[in-house]
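Quick note: numbers below take in every heavy atom, side chains included, and nothing from hydrogens, waters or symmetry partners.
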Amino acid sequence: MQLYNKLSAKERAALIDQAGTDRLTLSFYQYAHIGNPEIFRNHLFIHWNELGVLGRIYVAKEGINGQLSVPAPNFLDFKEHLDSISFLKDVRLNIAREQDAKSFLKLKVKVRHKIVADGLNDDTFDVTNKGVHVDAEKFNKLIEDPNTVLVDMRNHYESEIGHFKGAVTPDVDTFRDSLDIIEEDLKEHKEDKKLVMYCTGGIRCEKASAYYKHKGFKNVFQLEGGIIEYARQVEEKGLENKFLGKNFVFDHRRSERISGDVIANCHQCGEPCDTHVNCENEACHLLFIQCSKCAKEMENCCSTECMEINRLPYEEQKALRKGKGNSNKIFKKGRSEALKYKK
């Protein structure tokens with residue numbers, strides 16, 4: 001019984017090329033009570049591995065959160081399997097706007113304490129007492145209301161390349177960091193303002209809305225399906241698109257363009273740019289914004305130091321990394337001191 005990946009990312013990429021089959025990138029989540037996440041995890045891996053599913057899926061006692069890629073010919077079988085699981089029947093699937101057959105190159109189904117790292121003690125409040133879900137049309141009307149405060153529940157490196165007009169964009173590295181900051185900043189408006197939140201696909205707002213209602217906010221709303229579903233509805237219904245720029249996504253694509261606006265800048269030269277890359281130096285791997293000109297000049301690295309290291313033979317690079325943990329810069333998402341024009 002196979003419960004792990006047998007192929008490397010490189011081998012899987014080659015097989016995808018050989019197959020020449022379209023794949024669908026999608027995401028979904030569902031809060032539910034899962035008695036034994038380990039058994040459920042194994043069940044999913046066995047079935048999805050047979051269908052050629054690739055992606056990153058987190059399973060916890062509180063539910064499931066998945067970002068994945070499915071061979072297009074197997075999509076109906078995949079959906080049938082989801083529907084066979086009681087709490088996943090007819091779950092909303094957020095289909096990516098921009099498809100890439102190599103958005104994921106491995107199937108990773110992991111058991112976690114939580115499906116989103118929120119740092120909250122769920123026993124202290126009712127997680128089912130959520131805010132009002134609104135579709136794209138109602139969302140557009142809400143955010144035009146002067147009594148509305150629109151809050152981006154994502155991290156700074158996400159909102160830096162794209163966000164809704166007029167949104168509060170907390171300068172935070174993690175979701176858990178944003179919760180207390182937002183409450184403190186808006187504490188004077190718990191009763192007189194409408195708190196409207198959005199995130200990538202909706203999962204972060206699902207927990208945050210219940211938390212803020214617990215904290216005394218009277219009028220709490222959340223964008224149903226997040227930016228992904230909003231973009232689909234805007235296109236389908238011919239609505240005004242109030243999102244500027246790109247939507248950051250957590251796969252090899254890194255982003256999807258929602259509007260033609262470029263609201264960010266290259267972290268190395270300051271020119272308009274919204275293309276995220278990872279530093280070529282494996283010991284760094286920093287996520288940052290880099291234009292094509294700087295990519296060429298810096299050899300896809302974030303600094304001259306990393307460029308020099310990356311020029312070394314692979315075995316020398318490996319020897320330099322030996323015994324060292326991952327650089328803290330990996331988790332700073334563009335905040336390295338080497339980047340002159342970082343946010």
Verify whether the ring centers belonging to H43 and H81 lie closer than 6.0 Å. yes

Going by atom types alone, do Y211 and D180 pair a side-chain donor with an acceptor below 3.5 Å? yes

Return yes when atom NZ of K61 has more than 12 non-hydrogen atoms of other residues, nucleotides or ligands closer than 6.0 Å, and no otherwise. no

So that I know where these two stand, are F164 and Y198 an aromatic pair - ring centroids less than 6.0 Å apart? yes

Is it true that E188 and K193 make a salt bridge, defined as a side-chain N closer than 4.0 Å to a carboxylate O? no

Before you tell me yes or no, could you show the steps for R257 and D274 under salt bridge (Lys or Arg N to Asp or Glu O under 4.0 Å), namely the whole-Å CA-CA distance, both residues' side-chain angles and the distance that decides it to 0.1 Å? CA-CA 10 Å; R257 184 160 293 287; D274 54 12; 2.8 Å; yes

N-O pairing of K130 and E206 below 4.0 Å: yes

Is it the case that one hydrophobic cluster holds both L239 and L244, taking links as side-chain heavy atoms less than 4.5 Å apart, direct or via other members? no

Trace of the side chain to side chain contact (heavy atoms under 4.5 Å, CB included) decision for Y212 with I182: CA-CA 9 Å; Y212 287 132; I182 291 169; 3.2 Å; yes

Is there a path of hydrophobic side-chain contacts, each under 4.5 Å between heavy atoms of I/L/V/M/F/W/Y residues, joining F78 to L44? yes

Tell me whether E62 is salt-bridged to K207, with the criterion being a basic N under 4.0 Å from an acidic carboxylate O. yes

Using 4.0 Å as the upper bound for N to carboxylate O, is an ion pair formed by R232 and E229? yes

So, D100 and H252: side-chain donor and acceptor under 3.5 Å apart, yes or no? no

With a 4.0 Å cut-off, would you call R253 and D251 a salt bridge? yes

Please walk me through it: do D118 and R204 pass salt bridge (Lys or Arg N to Asp or Glu O under 4.0 Å)? CA-CA 8 Å; D118 53 36; R204 283 175 275 191; over 6 Å; no

Would a line drawn from the ring center of F40 to the ring center of F45 be shorter than 6.0 Å? no

For Q317 and E282, what are the C-alpha separation, side-chain angles and deciding distance, and is it a side-chain hydrogen bond (donor to acceptor under 3.5 Å, both in side chains)? CA-CA 8 Å; Q317 292 184 47; E282 287 190 29; over 6 Å; no

Can you tell me how far OG of S103 sits from CZ of F250, rounded to the nearest 0.5 angstrom? 14.5 Å

Does the salt bridge (Lys or Arg N to Asp or Glu O under 4.0 Å) test come out yes or no for K213 and D126, once each step is laid out? CA-CA 9 Å; K213 288 186 72 174; D126 183 1; over 6 Å; no

Strictly under 6.0 Å, is that where the ring centroids of Y157 and F248 end up? yes

May I ask whether F175 and M197 are part of the same hydrophobic cluster, defined by side-chain heavy atoms of I, L, V, M, F, W, Y residues being less than 4.5 angstrom apart, directly or through others? yes

Kindly indicate, with the supporting measurements, whether the criterion salt bridge (Lys or Arg N to Asp or Glu O under 4.0 Å) is fulfilled by E297 and K293. CA-CA 6 Å; E297 291 178 357; K293 181 172 177 283; 3.1 Å; yes

What do you reckon, is NZ of K237 surrounded by more than 12 foreign heavy atoms closer than 6.0 Å? yes

Distance-only, no hydrogens or angles: does the N65 side chain make a donor-acceptor pair with backbone N or O of Y58 under 3.5 Å? no

Any chance the side chains of S159 and R154 put a donor and an acceptor closer than 3.5 Å? no

